[in-house]
Protein chains: 2
Amino acid sequence: MTPETITSPSTRDKLVEAAMELFYFQGYEGTSIADILHRAGVNSGSLYYFFRGKEDLLLGVLQKYKELLYQEVIDPAFAKTNDPIERIFALLDNYRHGLQFTHFTGGCPIGNLALELRETHEEARRLIAENFDGWRDAVRKTLDDAAGRFPPHVDREQLATFILTVMEGGVMQARAHGSIEPFDACVRQLRTYFNLLLGDQAPQKERA
Amino acid sequence: MTPETITSPSTRDKLVEAAMELFYFQGYEGTSIADILHRAGVNSGSLYYFFRGKEDLLLGVLQKYKELLYQEVIDPAFAKTNDPIERIFALLDNYRHGLQFTHFTGGCPIGNLALELRETHEEARRLIAENFDGWRDAVRKTLDDAAGRFPPHVDREQLATFILTVMEGGVMQARAHGSIEPFDACVRQLRTYFNLLLGDQAPQKERA
DNA sequence: GTCTATAACTTGATAGAC
DNA sequence: GTCTATCAAGTTATAGAC
């Protein structure tokens with residue numbers, strides 16, 4: 001909303017960023033307000049000046065994730081190739097690198113919260129769904145760019161949902177096993193599926 | 001190990017069962033020892049007689065899930081049909097019913113814990129991986145029963161990993177959206193994949 | 001094996017000065 | 001907007017009687 005100047009981050013931003021990182025690596029319940037205050041270098045009074053409480057801060061975090069989707073997730077992946085289909089696999093490859101970089105402790109921050117938060121956090125659940133919607137829409141758009149290459153019966157919206165599932169399920173198993181192998185297995189299966197859908201009978205490319 | 005007689009559950013079993021349910025619906029961090037004691041109808045002293053603490057109780061829960069895999073998950077699903085491929089979809093359909101029955105708060109207890117627990121719970125992470133291994137092995141076995149129907153290049157172990165991913169990712173999105181639709185979308189895509197793999201060009205069956 | 005009482009600490013949140 | 005001090009409740013875990 002406000003123009004992005006190069007000023008140092010506001011106190012509110014510091015709190016959101018600290019909470020974002022800590023919720024990511026420790027979970028929502030596993031992170032205390034004291035943790036967040038310490039990491040942000042901010043005092044209790046300031047937090048409760050900007051937010052009603054921990055849950056309200058969570059909403060700020062989820063809103064921030066929505067705003068950062070293209071800048072941090074979609075654009076860097078799609079910049080790697082102009083082929084709409086390969087953009088999907090470039091996106092998945094970025095999650096692969098994220099997993100390895102964090103030694104399988106990271107993965108997808110939204111997915112983590114999706115399974116941790118319950119009906120007691122109704123507004124948070126809605127924002128999580130909106131984050132998924134944004135991701136899925138970006139993927140569906142690039143599938144639309146390749147529309148002519150798919151058989152007519154293919155439901156690209158449904159396929160985009162499926163791709164999100166493959167990413168999240170692959171991340172989950174990689175984390176559980178502390179190994180990239182299950183993630184790679186899933187991406188290879190998705191590649192086979194695409195090859196079959198696109199009528200490409202050539203041997204599977206080694207990408208993952 | 002000990003023969004399963006029809007005696008009332010031991011105090012230890014009561015604790016494990018209470019923790020299993022509460023971890024499922026509230027998460028590990030979201031469940032207090034006091035919650036567990038109250039639900040089990042057991043006093044603090046007994047818990048610490050049987051377990052070193054909360055984390056040790058978690059290990060008991062994950063061990064119990066391993067023991068219950070066939071009895072509670074695999075056998076009921078596979079009893080529904082003798083066709084090896086349809087057994088996969090029967091299994092997925094049972095998760096679908098679980099989601100609807102719990103109004104999208106349930107899903108997969110192992111998946112929930114897989115994303116909540118971090119490297120601070122190394123032994124728990126190992127048991128989660130073993131739970132996934134058991135599920136995937138059961139699915140791979142039924143894929144093996146249909147081995148002749150797949151093209152020779154299909155890696156059935158990898159395909160089983162993929163099926164687990166589809167289940168977990170579908171559950172995650174269904175929970176986030178509070179709707180069965182994303183889960184159904186994923187199962188339909190998996191059905192299309194199977195049809196293509198098996199060379200079945202008939203229109204997709206409506207199952208999910 | 002089970003009971004009660006409680007220690008030692010952390011939690012989310014607030015009050016009120018500046 | 002930011003600070004410190006602090007509250008009331010909840011946290012895991014233990015001690016010691018029975």
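Naming convention: chains lettered A, B, ... in sequence-line order (proteins, then strands); numbering from 1 in each chain.
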Between A:Val61 and A:Ala19, what is the shortest heavy-atom contact and its length?
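Residues A:Val61 and A:Ala19, closest heavy atoms: CG2-CB, 3.7 Å.
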Could you check which of [options] has an atom nearest any side-chain atom of [X]?
X	options	answer
B:Thr11	D:dT14, C:dT2, C:dC3	C:dT2
A:Lys54	C:dC3, D:dA13, C:dG12	C:dG12
B:Tyr49	C:dG1, D:dT12, C:dT11	C:dG1
B:Ser32	D:dT2, C:dA13, D:dT11	D:dT11
B:Phe50	D:dT2, C:dT2, D:dA13	C:dT2
B:Ser44	D:dA5, D:dT14, C:dT11	D:dT14
A:Ser46	D:dC3, D:dT12, C:dC3	D:dC3

Check: A:His38 side chain, A:Ala34 main-chain N or O, donor-acceptor pair, under 3.5 Å
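No; judged by distance alone, with no hydrogens or angles, the pair does not exist.
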Treating A:Asp35 as the side-chain partner and A:Leu22 as the backbone partner, does any N or O pair qualify as donor plus acceptor under 3.5 Å?
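A pair under 3.5 Å: no.
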Starting at atom [atom1] of [X], determine the distance to atom [atom2] of [N], rounded to an integer number of angstrom.
X	N	atom1	atom2	answer
A:Phe23	C:dG12	CZ	P	9 Å
B:Ile33	C:dT6	CD1	C1'	16 Å
B:Leu47	C:dC3	CG	P	12 Å

Working note: A:Glu55 + A:Tyr28, criterion side-chain hydrogen bond (donor to acceptor under 3.5 Å, both in side chains); need CA distance, chi angles, decisive distance, verdict.
CA-CA 9 Å; A:Glu55 183 157 358; A:Tyr28 176 75; 4.8 Å; no
